[in-house]
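Beneath this line is the structure, given in structure tokens, with notes to follow.
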2 protein chains.
Amino acid sequence: MTRILITDDEAKIRELIVKYARHEGFDTDEAENGMEAVEKCEREHFDLVIMDIMMPELDGFSAVKEIRKTHPDLPCIMLSALGEEYDRIHGFDVGVDDYVVKPFSSKELMMRIHAILKRTQRAAASGDQFVLKGLLIDYSARTVTIDGERIQLSPKEYELLVYLVRNAGIALTREQLLSTVWGYDFFGDDRTLDTHIKLLRRNLKDYASYIVTLRGVGYRFEKAD
Amino acid sequence: MTRILITDDEAKIRELIVKYARHEGFDTDEAENGMEAVEKCEREHFDLVIMDIMMPELDGFSAVKEIRKTHPDLPCIMLSALGEEYDRIHGFDVGVDDYVVKPFSSKELMMRIHAILKRTQRAAASGDQFVLKGLLIDYSARTVTIDGERIQLSPKEYELLVYLVRNAGIALTREQLLSTVWGYDFFGDDRTLDTHIKLLRRNLKDYASYIVTLRGVGYRFEKAD
DNA sequence: TGATTTCTTCACAGAGAGTTCACATTAGCC
DNA sequence: GGCTAATGTGAACTCTCTGTGAAGAAATCA
């Protein structure tokens with residue numbers, strides 16, 4: 001059963017979405033503001049979150065940002081009032097999957113929900129673990145283990161590793177890595193990426209050599225040896 | 001370089017999108033209607049297609065449907081006029097990746113382009129290969145394998161090989177090779193190209209003879225023997 | 001708030017890659 | 001077969017890119 005959390009301060013809008021979502025066979029829960037949404041996400045499992053932007057207590061973006069800390073892959077659809085253009089862009093930045101402009105048609109919203117679920121379920125189906133010999137990444141626990149021993153990675157190192165590993169066997173350009181792991185608008189030093197690769201390699205010990213340098217291009221995580 | 005095909009019957013809209021897309025570093029081409037878009041997609045390579053729905057000759061949906069026959073993974077963004085709700089839903093059905101409602105802001109369109117490219121990069125990158133007997137080039141991994149054994153090529157050697165192979169069976173002049181692989185602004189020594197060809201041949205071992213010298217012209221990669 | 005961790009920047013070193021050059025070799029032409 | 005112009009070759013040189021440690025800045029935590 002697919003569970004959707006509907007977050008909006010207007011009860012009428014929540015009810016409307018609930019009605020249609022149930023009709024599509026989804027299980028629903030509601031939250032009145034960002035704070036409540038964050039709390040519910042910490043306690044319960046959801047497959048998708050619908051989130052209004054303008055809300056009392058905690059706005060939609062801050063809420064998504066907060067939720068993403070513990071659930072980095074939980075799909076989010078934002079609801080934005082017409083004209084909130086800045087919000088839209090900011091939304092994609094935070095890592096929102098889609099947004100719908102109010103007033104929206106319920107059919108449209110349902111279509112977008114289905115599209116996103118289809119897209120993310122594929123990724124989720126591939127298991128929430130990555131294993132390569134003695135290297136184990138547990139995505140849900142956000143931990144990395146080498147030969148049975150838990151290793152400590154900084155947030156950036158972990159994200160970098162995950163992106164590399166999820167694209168194992170594929171050459172990733174420096175731009176791709178920077179724009180994905182650091183964000184679309186990173187304009188920092190050229191050595192930032194190298195430095196994190198260095199730290200990551202150091203922590204990966206024997207598996208460091210799986211991160212291959214592609215001179216003039218970027219890096220690639222080897223699928224096998 | 002990311003290439004985007006912009007399809008709309010209104011020249012003004014095309015120009016607007018072209019302007020912003022170029023600004024974002026994309027390479028662009030235009031089509032006036034669905035028919036032209038289909039033809040261009042068959043002849044040239046694009047990374048993304050932007051497509052208006054209402055057009056003379058061939059409408060957007062039919063065009064996407066047609067394009068998908070030969071390019072099932074080519075991302076498409078539809079442009080729909082306000083109120084064409086049915087179109088939207090139908091669009092997702094055809095397998096459109098996203099749509100933007102007119103009148104749209106250019107920033108919003110660019111954000112959606114970036115979002116989709118990011119999403120499809122992974123899928124698009126994998127499974128792209130060239131095979132000739134025991135010679136295998138994996139474009140996504142950026143690796144070359146000979147008889148099952150991975151060989152190491154320098155960046156220039158790899159690019160040179162890729163360009164030759166992508167134009168297998170076609171005579172390429174020295175000027176073409178230099179301006180494509182080195183860049184149109186290369187004014188170096190005559191021996192530079194030879195030297196790289198030499199190194200490439202050495203690395204290709206038994207397959208070296210596939211790079212044929214065309215005296216007074218350039219080189220050609222043999223399609224078969 | 002202060003302490004600690006993490007991230008970014010910077011200067012420099014080193015390795016790898018690219019270019020140039022002198023000369024050898026080859027192919028085509030008479 | 002010799003001549004000429006073009007390509008092939010090895011080695012030296014130069015350059016560009018990545019790796020690295022250290023230090024300062026920023027974020028996080030207590």
**OP:** Run the numbers on R220(B) and E222(B) for salt bridge (charged side-chain N to carboxylate O under 4.0 Å, His left out), then give the verdict.
**Re:** CA-CA 6 Å; R220(B) 182 186 66 224; E222(B) 290 288 8; 2.9 Å; yes

Subject >> Verdict with supporting geometry, R174(A) and D194(A), salt bridge (charged side-chain N to carboxylate O under 4.0 Å, His left out) >> reply: CA-CA 9 Å; R174(A) 289 172 158 268; D194(A) 304 339; 2.5 Å; yes

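- Heavy-atom distances under 4.0 Å link DNA chain D to R201(A), R202(A) of residues 200-207 of chain A, given in residue order.
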Could you write out each protein N or O paired with an N or O of nucleotides 13-17 of chain D at a distance under 3.5 Å?
from	atom 1	to	atom 2	distance (Å)
dC17(D)	O2	R215(A)	NH2	3.0

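- Residue-level contact check: S154(A) touches the backbone only, with heavy atoms under 4.0 Å from sugar-phosphate atoms and none from bases.
- OP1 or OP2 of dG8(D) sits under 4.0 Å from a side-chain N or O of Y219(B).
- Remark: P of dA6(D) and CG of D194(B) are 12 Å apart, rounded to the nearest angstrom.
- Backbone-only contact: K156(A) has heavy atoms under 4.0 Å from sugar-phosphate atoms and none from a base.
- Nearest heavy atoms, P75(A) versus I116(A): CB-CG2, 3.6 Å.
- Each of D190(B) and T195(B) lies near DNA chain D, and the nucleotide nearest D190(B) is the one positioned closer to the 5' end.
- L109(B) is listed as a side-chain neighbour of I50(B), based on a closest heavy-atom distance under 4.5 Å.
- Atom C1' of nucleotide dT7(D) and atom CD1 of I197(B) are separated by 11 Å, given to the nearest angstrom.
- Note: NE2 (H196(B)) to P (dG10(D)) measures 15 Å, nearest angstrom.
- Salt bridge status for D47(B) with R3(B): absent, with no side-chain N to carboxylate O gap under 4.0 Å.
- In this structure, Q176(B) contributes its side chain and T173(B) its backbone to a donor-acceptor pair below 3.5 Å.
- If you take CG of D189(B) and P of dT9(D), they are 16 Å apart, rounded to a whole angstrom.
- Of all the heavy atoms in G134(A) and Y207(A), the pair that sits closest is N-OH, 2.7 Å.
- Shown here for M55(A) and M51(A), the closest heavy-atom pair between the two residues is CE-SD, 3.8 Å.
- The aromatic rings of F221(B) and Y210(B) sit parallel, their planes meeting at an angle under 30°, below the 60° perpendicular limit.
- The minimum heavy-atom distance between I211(A) and R201(A), with the atom names listed, is O-NH2, 2.8 Å.
- At dG19(D), one or more side-chain N or O atoms of T213(A) fall inside 4.0 Å of OP1 or OP2 (strictly under the cut-off).
- In this structure, the side chains of L74(A) and L48(A) stay at 4.5 Å or more apart for every pair of heavy atoms.
- Straight-line distance from the CD1 atom of I211(B) to the P atom of dT9(D): 11 Å, rounded to whole Å.
- A 4.0 Å heavy-atom criterion places the boundary nucleotides of DNA chain C facing chain B at dA17(C) to dA27(C), written 5' to 3'.
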